[in-house]
Each structure stands twice: as C-alpha cells, then as structure tokens.
Participant: 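Sharing a structure, written as structure tokens. Questions coming.
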Amino acid sequence: MTNVRDDLAPTGVLRASINLGNPVLAQGTPAEPRGVTVDIAREIARRLDVPLELVCFDAARKSFEAMTTGQADICFLAIDPARAGQVAFTAPYLAIEGVFVVPKESALTAVADVDAAGIRIGVKEGSAYDLYLTRTLQAATVVRGDEGVEVFRAEGLEVGAGIRQPVAQWVVEHPEYRLIEQPFMQIQQAVGTTKERHPDTVAYLNTLVQEFASGDITLGES
C-alpha cells in the first residue's frame, strides 16, 4: 500500500482549497475560515498527522484551478463531468439544491418553464450550476457573472440561478423577486484531489468521507 501521507501531502503540509463563495460549505474570512469543508480538511490533516494550510477563494472555479495548478492538494467541489477529467472525487459528503429566482410577476412557475427560447439565466461563472445548465439547456441561454442573482438583477434577466439557502435569503431581502421552489438540480459535494494520486490515496479519502456522511465522525470539535 502506498504511503498516503507522502502522496497526498508531498510538501509535508496538507494544502486545502476552500471556497468561501459558497456559504453552505464555508464561512468567515480567509484569515479565519470556518464551516464543514474546513472541519473536514482539519480532520484529514489530523489523521495524516501533518500541518494544515487553508487556501481560500471566493469562487469554485478558483478553488478548482488552485488544485489543478499545484497550489493545493485537496479541494471541495461539486461532482461534475466537466471537472472529472482533472479531479478524482470521493463519494459525496453533502447534497445541496440549485434553484431559480424570477421577478415576482414572472409567468415562470416551474423548472420546466425555464428552458425556453428568449429566457436568459444569470449564473455564477464556473459554479456547479453553470456547468450543469451549460450542459443541459436546450433553448434558454446562460449569462455569467460574479454572482448569479446579481447578474440576473443588474442585467434585467428573466431568471437567476443559485444555491437554495443564500438565494432564499436574497429573496427575503428583495421581495420583488420569488423562488421557483422546485430545485433544478441536486449538487453533490465531494472531496477532490488530482487524478495523479495513487488509487490507495483516493480510497483513503473516500473512506473518511463515508465516515463523515454517516455521522461516525463528529466535525467541528477541534
């Protein structure tokens, strides 16, 4: 069996890429991040008995690029075919929902209504839902920006897309808009590392993630 510690943290430090742009997974600041992904990274480092370095970004695409360019050893991303060529994913540790937001007076009431000619959907560039919608839409078009709801609002688009929790909070703060309650996708969140890692290393991470998902490990106690 390969030495997982040397394979996963060849510099002697486990470098974890953290996406602060998804508040469901991580919150706080680059200096003091917190959240489920931070807790998982700490537990992996503890198991490997190596120091942990948290490399923080404000978008999933930047977190992805950090790992694929050698700035990080692990990342926390949604499983997606567009990333699978470069990322070895574990099983998911968490599923979150992608939802649409529309103007309150919009005639769009269901997910099926959205994929139609003339419909423009605001998305966060490089996000899991950007990748998914780009791959699956037949008639509607994607408009990318720093945040899906902000480009939707700023450009007067027909639809915005995002993660349920922050989008629902945004709607509370902007009552002239409403959610389409039905999710358009389930976003499976997993730990990822580079495809060059030894299969034993990926299997080790997968076993840990299954422990997290089953509740056998209580996170956030460190």
Side-chain angles (χ1 to χ4, degrees), residues 17-27 36-37 57-68 75-87 89 91-190 192:
S17 180
I18 301 295
N19 173 22
L20 290 174
N22 184 339
V24 177
L25 305 181
Q27 310 89 43
V36 63
T37 55
F57 300 94
D58 62 1
R61 71 180 186 279
K62 297 177 184 178
S63 183
F64 170 74
E65 290 166 2
M67 197 200 63
T68 58
C75 61
F76 299 87
L77 294 169
I79 300 170
D80 188 273
R83 295 167 175 160
Q86 295 174 275
V87 179
F89 285 109
Y93 60 85
L94 180 70
I96 56 182
E97 293 179 336
V99 295
F100 292 131
V101 59
V102 296
K104 203 161 193 177
E105 69 278 7
S106 173
L108 304 175
T109 59
V111 168
D113 299 335
V114 171
D115 192 7
I119 300 297
R120 300 163 299 166
I121 306 171
V123 303
K124 184 169 186 173
E125 183 178 3
S127 64
Y129 46 91
D130 176 8
L131 300 176
Y132 174 80
L133 292 171
T134 299
R135 186 171 64 252
T136 60
L137 289 174
Q138 299 296 311
T141 56
V142 167
V143 179
R144 297 173 179 86
D146 289 338
E147 291 293 342
V149 291
E150 294 303 336
V151 69
F152 154 68
R153 185 186 189 200
E155 298 194 19
L157 306 179
E158 290 73 31
V159 180
I163 296 165
R164 179 178 294 279
Q165 291 91 329
V167 173
Q169 181 58 42
W170 188 87
V171 168
V172 170
E173 297 165 359
H174 300 85
E176 65 271 33
Y177 302 99
R178 61 176 170 82
L179 286 182
I180 294 178
E181 288 293 337
Q182 177 190 6
F184 66 84
M185 72 176 297
Q186 291 283 334
I187 305 172
Q188 302 288 328
Q189 297 289 335

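In this text, all values refer to a predicted model and were calculated from it rather than measured experimentally.
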Participant: Considering residues at least two apart in sequence or located in another chain, which fulfil the side-chain contact (heavy atoms from CB on, under 4.5 Å) criterion with Ala110?
Facilitator: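 Asp113, Gln182.
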Participant: Check whether any side-chain N or O of Arg120 sits under 3.5 Å from a backbone N or O of Phe152 as a donor-acceptor pair, and report yes or no.
Facilitator: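 It does not hold such a pair.
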Participant: Verify, without hydrogens or angle tests, whether Arg144 (side chain) and Val151 (backbone) share a donor-acceptor contact under 3.5 angstrom.
Facilitator: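 No.
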Participant: Are any side-chain N or O atoms of Arg61 and backbone N or O atoms of Glu125, one a donor and one an acceptor, separated by less than 3.5 Å?
Facilitator: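 The answer is yes, because a donor-acceptor pair under 3.5 Å joins these two groups.
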Participant: Looking at every non-hydrogen atom in both residues, tell me the closest pair between Ser17 and Phe76 and how far apart they are.
Facilitator: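 Heavy atoms of Ser17 and Phe76 come nearest at O-CD1, 3.5 Å.
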Participant: Tell me whether Asp115 contacts the main-chain N or O of Gln138 through its side chain, where contact means a donor paired with an acceptor under 3.5 Å.
Facilitator: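 Judged by distance alone, yes, a pair lies under 3.5 Å.
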Participant: Heavy atoms only: give me the nearest Val99-Ile180 pair and the separation to one decimal.
Facilitator: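 Residues Val99 and Ile180, closest heavy atoms: CB-O, 4.2 Å.
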Participant: Give a yes-or-no answer on whether the side chains of Gln165 and Gln169 include a donor-acceptor pair shorter than 3.5 Å.
Facilitator: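 Gln169 and Gln165 do not have a side-chain donor-acceptor pair below 3.5 Å.
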Participant: Check for a donor-acceptor pair, side chain of Arg83 on one end and backbone N or O of Ala78 on the other, with a separation under 3.5 Å.
Facilitator: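 At least one qualifying donor-acceptor pair exists.
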Participant: Applying side-chain contact (heavy atoms from CB on, under 4.5 Å), can you list everything that pairs with Pro166, at least two apart in sequence or on another chain?
Facilitator: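 Once residues adjacent in sequence are excluded, the partners of Pro166 under the side-chain contact (heavy atoms from CB on, under 4.5 Å) criterion are Pro23, Val24, Ile163.
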Participant: Identify whether the distance between the nearest side-chain nitrogen and carboxylate oxygen of Glu176 and Lys104 falls below 4.0 Å.
Facilitator: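 Lys104 and Glu176: not salt-bridged.
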Participant: Counting C-beta onward and ignoring hydrogens, is there a side-chain heavy-atom pair between Asn19 and Thr37 closer than 4.5 Å?
Facilitator: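 Sidechains of Thr37 and Asn19: no contact.
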Participant: So, for Gln189 and Leu25, which heavy atoms are closest and what is the spacing to 0.1 Å?
Facilitator: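 So the minimum-distance heavy-atom pair works out to OE1-CD1, 3.3 Å.
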